[in-house]
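Comments concern the structure below.
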Amino acid sequence: MSSDTLAQAPAAPEIPGPADVPRIVPQRRYGQWTAAVVVLVLLALAVTSVVRNQAFQWDVVAAYFTTGSVLRGLWLTLWLTAVVMVLGFALGTLLAAFRLSANPVLRAVGWGYVWLFRSIPVLVQLLLWFNIGALYPQVLGVKTVNLLSPVAVAIIGLTLHEAAYAAEVVRGGILSVGRDQIEAAQALGLSRWRRGWRIVLPQAMRSIVPPAGNMLIGTLKGTSIVSVIAVNDLLFSAQLIYHRTYQVIPLLMVATLWYAVVTTLLGIGQTYVEKHYARGTEQAR
């Protein structure tokens with residue numbers, strides 16, 4: 001092969017080296033970093049202000065945090081929350097069945113209940129039940145004056161209020177289940193009870209649990225309103241102490257910290273329950 005032939009031969013393709021590969025430069029988000037620094041500085045200033053502010057009297061907070069009267073008030077708050085949630089969702093489930101019924105009378109009754117008890121503020125409901133003797137002095141020959149204790153009034157008022165919201169939560173969860181799931185269960189010959197228990201309820205719980213968890217936390221904090229009718233809950237227990245010692249701020253902080261502790265634990269529990277019912281879906285990842 002002559003030298004002219006070698007000169008005319010095509011050159012071998014060049015293999016790009018590390019220097020020829022384009023370098024990927026991450027986008028610099030100076031605004032995000034600046035905002036994060038500003039938020040952290042403001043948060044640090046706020047925490048420092050709370051910790052170093054002598055008006056909070058943290059030594060008094062620590063002294064009263066686990067006293068017997070406060071713990072008894074906390075127990076009543078937890079007990080009242082549990083009773084109201086159980087009774088409220090039991091009645092709410094029945095009302096949801098009314099609203100989904102083919103019977104127009106039941107649908108009207110369910111809708112009317114939800115409308116009425118969502119329209120009346122819970123404080124007004126408690127005061128009405130507390131003064132029921134002024135409206136109906138006697139019912140079936142029984143005097144209603146002082147018939148209901150403050151705790152009974154709290155249970156009745158909060159349960160009726162809670163049931164109106166629970167009915168909508170349960171109804172929304174049931175409606176979230178696809179019609180094809182129910183038709184498939186019918187095709188398999190499952191009874192109405194088994195369709196509801198094995199097919200509808202497990203899928204509806206994915207939509208019911210998040211708002212129900214929020215309702216639970218809201219009910220826990222909402223029980224503080226029963227202090228206006230002298231129910232010895234957590235807030236009322238703190239009020240009894242600061243009415244005697246005039247240490248208002250530290251006793252309010254005692255109640256606030258206990259509410260924060262319990263709502264945090266409930267939030268953690270809600271997360272695990274949501275993961276349980278989200279198994280097999282992308283939400284569980």
Side-chain angles (χ1 to χ4, degrees), residues 77-101 106-126 154-182 185 195-226 233-235 256 258-285:
T77 294
L78 296 176
W79 177 84
L80 186 60
T81 301
V83 170
V84 168
M85 284 297 294
V86 171
L87 296 179
F89 263 87
L91 179 56
T93 302
L94 179 62
L95 292 170
F98 280 12
R99 296 208 62 188
L100 296 173
S101 173
L106 294 181
R107 286 203 309 271
V109 170
W111 181 89
Y113 181 98
V114 172
W115 168 80
L116 178 63
F117 284 94
R118 288 200 307 184
S119 301
I120 305 175
V122 63
L123 178 58
V124 176
Q125 295 181 42
L126 290 176
I155 292 175
I156 293 173
L158 293 178
T159 297
L160 295 177
H161 176 80
E162 200 77 9
Y165 291 90
E168 292 301 282
V169 170
V170 174
R171 185 174 71 93
I174 294 175
L175 291 177
S176 68
V177 180
R179 182 64 188 174
D180 57 334
Q181 300 288 321
I182 301 175
R195 289 200 305 267
W197 183 255
R198 301 295 299 274
I199 305 299
V200 177
L201 183 61
Q203 298 182 67
M205 288 298 291
R206 288 199 290 264
S207 300
I208 292 175
V209 169
N214 292 334
M215 286 181 59
L216 174 61
I217 294 174
T219 301
L220 172 73
K221 297 184 295 183
T223 56
S224 61
I225 202 171
V226 302
D233 70 322
L234 176 59
L235 179 60
T256 300
W258 271 121
Y259 282 121
V261 169
V262 177
T263 53
T264 300
L265 295 177
L266 292 177
I268 294 173
Q270 177 184 347
T271 300
Y272 284 102
V273 174
E274 289 181 8
K275 288 183 178 180
H276 171 76
Y277 284 105
R279 290 176 302 177
T281 65
E282 294 182 357
Q283 300 175 2
R285 299 174 183 174

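Note on residues 81-100: pairs passing salt bridge (Lys or Arg N to Asp or Glu O under 4.0 Å), not counting sequence neighbours, are Arg99-Glu168. For the side-chain hydrogen bond (donor to acceptor under 3.5 Å, both in side chains) condition, no pair includes a residue of residues 77-86, sequence neighbours left out.
Residues Ala96 and Ala167 approach most closely at CB-O, 3.5 Å, considering heavy atoms. Minimum heavy-atom separation, Lys221 to Thr263: CG-CG2, 4.4 Å. Residue Pro210 comes nearest to Met205 through the heavy atom pair CD-O, 4.4 Å, listed as atom of the first residue, atom of the second, then distance. Closest of all the heavy-atom pairs between Ala154 and Leu126 is CA-CD2, 3.9 Å. Taking both residues in full, the closest heavy atoms of Gly88 and Ala166 are given as O-CB, 3.8 Å, listed atom of the first, atom of the second, then distance. The two residues Val169 and Ala212 make their nearest non-hydrogen contact at CG1-N, 4.4 Å.
Residues satisfying the ring pair (Phe, Tyr, Trp, His ring centres under 6.0 Å) criterion with Phe117, sequence neighbours excluded, are Tyr113. Here Thr93 pairs with nothing under the side-chain hydrogen bond (donor to acceptor under 3.5 Å, both in side chains) rule; sequence neighbours left out. Every side-chain contact (heavy atoms from CB on, under 4.5 Å) that Ser101 has, sequence neighbours left out, goes to Asn103, Leu106. For Ser224, the side-chain hydrogen bond (donor to acceptor under 3.5 Å, both in side chains) criterion is met by no residue, not counting sequence neighbours.
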*Show your working on side chain to side chain contact (heavy atoms under 4.5 Å, CB included) between Val262 and Leu78 and close with a plain yes or no.*
CA-CA 9 Å; Val262 177; Leu78 296 176; 3.7 Å; yes
_Stepwise side chain to side chain contact (heavy atoms under 4.5 Å, CB included) test for Val109 and Leu95_ = CA-CA 8 Å; Val109 170; Leu95 292 170; 5.6 Å; no
*From CA spacing to verdict: side chain to side chain contact (heavy atoms under 4.5 Å, CB included), Leu216, Gln270*: CA-CA 10 Å; Leu216 174 61; Gln270 177 184 347; over 6 Å; no
*Give the C-alpha distance, both sets of side-chain angles, the deciding distance and a yes or no for side chain to side chain contact (heavy atoms under 4.5 Å, CB included) between Val114 and Arg118.*
CA-CA 6 Å; Val114 172; Arg118 288 200 307 184; 3.4 Å; yes
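Looking only at side-chain heavy atoms (C-beta outward), Val226 and Leu158 come within less than 4.5 Å of each other.
Separating the CG atom in Leu235 from the OG1 atom in Thr223 is a distance of 9.0 Å, to the nearest 0.5 Å. Atom OG1 of Thr264 is separated from atom OH of Tyr259 by 14.5 Å, given to the nearest 0.5 angstrom. Rounding to the nearest 0.5 Å gives a distance of 5.5 Å between CG of Leu175 and CG of Leu100. Atoms CZ and OG1, on Phe89 and Thr219 in that order, are 8.0 Å from each other to the nearest 0.5 Å.
Results of the side-chain contact (heavy atoms from CB on, under 4.5 Å) test with His161 over Val84, Ile120, Val122 single out Val122 as the only residue that passes.
Listed for the Thr159 side chain is no donor-acceptor partner under 3.5 Å among the backbone atoms of Ile156.
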